[in-house]
Amino acid sequence: MAAILVVDDEITILELIKNGLQKDQHFVTTYALAEQVPLDKLGSYDLILLDVMMPGMDGVTFCEKIRSMVDCPIVFLTAKTMENDMILGLGAGADDYLTKPFRIAELRARVNAHLRREKREHHAVLHLDRVKIDLSAKELQVDNMPVSLTKSEYFICEYLARNKGQVFSKEQIYEAVFSLEGDSDNATISTHIKNIRAKFSKMEIQPIVTVWGIGYKWQ
């Protein structure tokens with residue numbers, strides 16, 4: 001059972017999501033506008049579902065506003081499929097996105113996959129040349145300087161680093177990180193890795209390389 005916040009201006013969508021997630025015994029709180037969400041209650045949620053296109057404050061802006069206040073996964077609900085929209089959303093701190101229209105079974109699976117990931121326990125530290133990954137604190141450092149990664153960015157780095165030298169497809173990475181088959185979510189991984197590389201570039205390091213036609217590896 002988890003506490004889930006859903007923000008979407010379509011009342012029918014809110015009802016559909018609430019009824020679907022309640023079948024998994026989750027406690028679901030819904031709001032039609034981002035401005036209605038009490039900010040002092042954000043810390044009580046285990047996951048947030050956030051529509052992108054809403055009147056007033058849009059989902060991306062709201063995500064940017066609350067990302068520093070919450071440590072839980074944020075999943076966008078969007079009818080948009082343009083790469084720039086995904087880059088904006090994932091760059092704002094979201095972990096994943098689900099394109100409308102979606103099947104409620106797919107939503108339930110995606111939500112539960114993110115919740116399972118949050119429960120994983122890690123121990124020990126990985127040392128890879130200039131990079132140190134604290135598996136317990138879920139923190140990555142370069143030359144002992146923390147790199148500010150979102151949770152999904154961190155878990156992608158951890159997965160590749162744990163399997164240094166091994167090449168993984170986008171689908172394999174998505175399935176490993178989110179515990180969910182990722183046939184239609186290649187763009188999520190591509191965008192996350194683009195953002196990771198941008199952050200690593202500032203540290204003058206680039207441990208994730210592309211193996212053309214196959215996927216990515218930590219070298």
Side-chain angles (χ1 to χ4, degrees), residues 2-18 20-21 26 28-37 39 42 45-118 148-156 170 173-175 177-196 198:
I4 298 174
L5 170 66
V6 188
V7 187
D8 194 305
D9 64 308
E10 297 184 59
I11 302 303
T12 55
I13 293 292
L14 289 178
E15 293 176 350
L16 177 69
I17 293 174
K18 186 171 185 176
L21 295 180
H26 297 312
V28 183
T29 302
T30 62
Y31 291 96
L33 296 173
E35 291 89 343
Q36 296 174 338
V37 180
L39 299 183
L42 287 173
Y45 297 112
D46 300 300
L47 183 140
I48 297 173
L49 294 171
L50 190 58
D51 184 30
V52 173
M53 296 299 293
M54 293 185 291
M57 187 182 299
D58 63 80
V60 174
T61 302
F62 186 63
C63 181
E64 291 175 331
K65 179 178 180 179
I66 68 172
R67 183 72 273 188
S68 63
M69 306 178 190
V70 298
D71 195 33
C72 68
I74 297 177
V75 178
F76 275 133
L77 305 174
T78 177
K80 293 186 175 181
T81 56
M82 298 296 290
E83 181 181 1
N84 287 341
D85 297 319
M86 287 191 305
I87 291 174
L88 279 176
L90 298 178
D95 297 274
D96 199 2
Y97 76 98
L98 190 62
T99 303
K100 296 178 180 178
F102 51 80
R103 294 179 296 109
I104 193 63
E106 180 183 7
L107 174 70
R108 291 168 62 186
R110 193 75 63 89
V111 165
N112 289 324
H114 280 281
L115 293 173
R116 283 194 301 271
R117 187 192 73 175
E118 291 301 296
S148 179
L149 300 172
T150 68
K151 278 196 171 184
S152 291
E153 291 168 0
Y154 167 81
F155 279 114
I156 289 171
K170 297 171 186 176
I173 296 171
Y174 191 91
E175 184 173 356
V177 171
F178 298 111
S179 302
L180 192 69
E181 291 184 2
D183 293 341
S184 62
D185 295 278
N186 293 351
T188 299
I189 297 302
S190 297
T191 304
H192 278 313
I193 288 182
K194 181 178 180 179
N195 292 337
I196 292 168

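Numbering of residues begins at 1 and proceeds along the displayed sequence.
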So do Leu50 and Phe62 actually touch side chain to side chain, heavy atoms under 4.5 Å? yes
Within the structure provided, determine whether Leu33 and Pro55 are in side-chain contact (heavy-atom separation under 4.5 Å). yes
Would Thr30 and Val28 satisfy side-chain contact (heavy atoms from CB on, under 4.5 Å), going step by step from the backbone distance to the final call? CA-CA 7 Å; Thr30 62; Val28 183; 4.0 Å; yes
Close side-chain approach of Glu153 and Thr150, heavy atoms under 4.5 Å: yes
Counting C-beta onward and ignoring hydrogens, is there a side-chain heavy-atom pair between Leu5 and Tyr31 closer than 4.5 Å? yes
Test log, rule side-chain contact (heavy atoms from CB on, under 4.5 Å), inputs Phe76 and Thr99: CA-CA 8 Å; Phe76 275 133; Thr99 303; over 6 Å; no
Given side-chain contact (heavy atoms from CB on, under 4.5 Å), test Val111 with Val75 step by step and report yes or no. CA-CA 8 Å; Val111 165; Val75 178; over 6 Å; no
Closest heavy-atom contact between Leu77 and Ile17? CD1-CD1, 3.6 Å
Looking at side-chain heavy atoms only, is the closest gap between Lys151 and Ile74 below 4.5 Å? no
One should read off an interatomic distance between Thr188 OG1 and Ile173 CD1, to the nearest 0.5 angstrom, of 12.0 Å
Heavy atoms of Gly20 and Ile104 approach each other most closely as CA-CG1, 3.8 Å
Is the shortest distance from a Lys or Arg side-chain nitrogen in Arg67 or Asp95 to a carboxylate oxygen in the other one below 4.0 Å? yes
CD1 on Ile4 to CD1 on Ile48, rounded to 0.5 Å: 10.5 Å
For Asn112 and His26, which I'm curious about, is there any donor-acceptor pair between the side chains at under 3.5 Å? yes
All heavy atoms of Cys72 vs all of Asp46, minimum pair found to be CB-O, 3.2 Å
Carefully, step by step, assess Leu47 and Leu115 under the rule side-chain contact (heavy atoms from CB on, under 4.5 Å). CA-CA 7 Å; Leu47 183 140; Leu115 293 173; 4.1 Å; yes
Side chain to side chain, Val37 and Val7, heavy atoms closer than 4.5 Å: yes
Side-chain contact test, heavy atoms from C-beta onward, threshold under 4.5 Å: evaluate it for Leu39 versus Ile66 and give yes or no. yes
When every non-hydrogen atom of Met57 is compared with those of Glu35, the smallest separation belongs to N-OE2, 2.7 Å
SB check Asp8 Lys100 (cutoff 4.0 Å): yes
Distance (rounded to the nearest 0.5 Å) between His114 NE2 and Leu49 CG: 9.0 Å
Can you check whether Thr191 reaches Tyr97 side chain to side chain, under 4.5 Å on heavy atoms? no
Of all heavy-atom pairs between Cys63 and Ala94, which one has the smallest distance, and what is that distance? SG-N, 3.8 Å
